[in-house]
Amino acid sequence: HAPGGATGDDGDLMHRVLGGQLVDDHGVARLVIGGELPLVLGDHPALLLRTRDDLDLRVLQVLHGDEMLILPGGIPGTPNLRACDLLCEKLKEFAANGKKVAAVCAAPTVLGELGILAGKKATCYPSFADKLATGDYVKLPVVTDGNVITSRGMGTCIEFAGAIIEALKDKATADAVKEAIIYNDVY
């Protein structure tokens, strides 16, 4: 939990750590942007976004050419993400160009407000289901509909990370990750 509440709440931190660690450890690089979190620049296929107040234009310029934007949820993280006009424009651009976008917990509401979920099935944290401005809510741990991946919350982050790995690499890699952490083991 970063000083000054930059990471939202502890649940928001878990969205980033659980999902992000699985992605990092299994050959899918990521870029963390904003707030008091580390900023790493370079060629990365997946970008895990976080903002405290707003994102600097020069930071958003590194997004050009990448494959996926991933929004962690939580409060105040989700309203902060929605309040960043530059990020919202980049999300709409990614979606319009068929690039992948993903969001967990409350963050799918950002995608809904931007119209990215129009005509798509999506999921989110249960108490935010009625706040999805567009999209058809379904109660599943993870929903992939075209270029959009959504998930419900901290308890679904392993499946969320698996869906991201599958979208960026392949199902075999995603299954290997889950097996390596004994996620789907049968007792």
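Values in this document were obtained by computation on a predicted structure and should not be read as measured data.
The distance from the CG atom of Leu91 to the CD atom of Glu113 is 11.5 Å, given to the nearest 0.5 Å. Rounded to the nearest 0.5 angstrom, Asp130 CG and Tyr137 OH are separated by 10.0 Å. Atom CG of Leu168 sits about 6.5 Å away from atom CD1 of Ile70, to the nearest 0.5 Å. In this structure, CD1 in Ile149 is found 12.5 Å from CD in Glu159, a value given to the nearest 0.5 Å.
No side-chain donor-acceptor contact under 3.5 Å links Thr123 to the backbone of Lys139. The main-chain N or O of Leu132 is never found under 3.5 Å from a side-chain atom of Thr109 such that the two would form a donor-acceptor pair. At distances below 3.5 Å, not a single donor-acceptor pair connects side-chain atoms of Asn97 with backbone N or O atoms of Lys99.
Under the 4.5 Å side-chain contact rule for hydrophobic residues, Phe128 and Val143 do not share a cluster. Leu81 and Leu117 fall within the same hydrophobic cluster, where Ile, Leu, Val, Met, Phe, Trp and Tyr residues are linked whenever their side-chain heavy atoms come under 4.5 Å apart, directly or through other members. Under the 4.5 Å side-chain heavy-atom criterion for grouping Ile, Leu, Val, Met, Phe, Trp and Tyr, Phe160 is not connected to Leu140 through any hydrophobic cluster.
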Practice task
Take Asn147 and Lys120, measure what side-chain contact (heavy atoms from CB on, under 4.5 Å) needs, and give me the verdict at the end.
Solution key: CA-CA 10 Å; Asn147 62 326; Lys120 294 186 182 290; 3.4 Å; yes
Practice task
Decide yes or no on side-chain contact (heavy atoms from CB on, under 4.5 Å) for Val110 and Leu87, but give the supporting numbers first.
Solution key: CA-CA 11 Å; Val110 174; Leu87 171 61; over 6 Å; no
Practice task
Would you check, one step at a time, whether the test side-chain contact (heavy atoms from CB on, under 4.5 Å) holds for Leu114 with Arg82?
Solution key: CA-CA 9 Å; Leu114 297 175; Arg82 179 60 183 99; 3.8 Å; yes
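Closest approach of Thr144 and Ala163 over heavy atoms only: OG1-CB, 4.2 Å. Across every non-hydrogen atom of Cys157 and Val104, the tightest pair is SG-CG2, 4.3 Å. Scanning both residues, Pro79 and Gly74, for their nearest heavy atoms gives CD-O, 4.2 Å. Here the shortest heavy-atom pairing between Ile182 and Tyr187 reads CG2-OH, 3.5 Å. Pairing each heavy atom of Gly119 with each of Asp145, the nearest pair is O-OD2, 4.3 Å. Taking both residues in full, the closest heavy atoms of Gly112 and Ala133 are given as O-CB, 3.7 Å, listed atom of the first, atom of the second, then distance.
For NZ of Lys121, the number of neighbouring non-hydrogen atoms (other residues, nucleotides, ligands) closer than 6.0 Å is 12 at most.
Within the 4.5 Å cutoff, no side-chain heavy atoms of Thr78 are placed close to those of Cys105.
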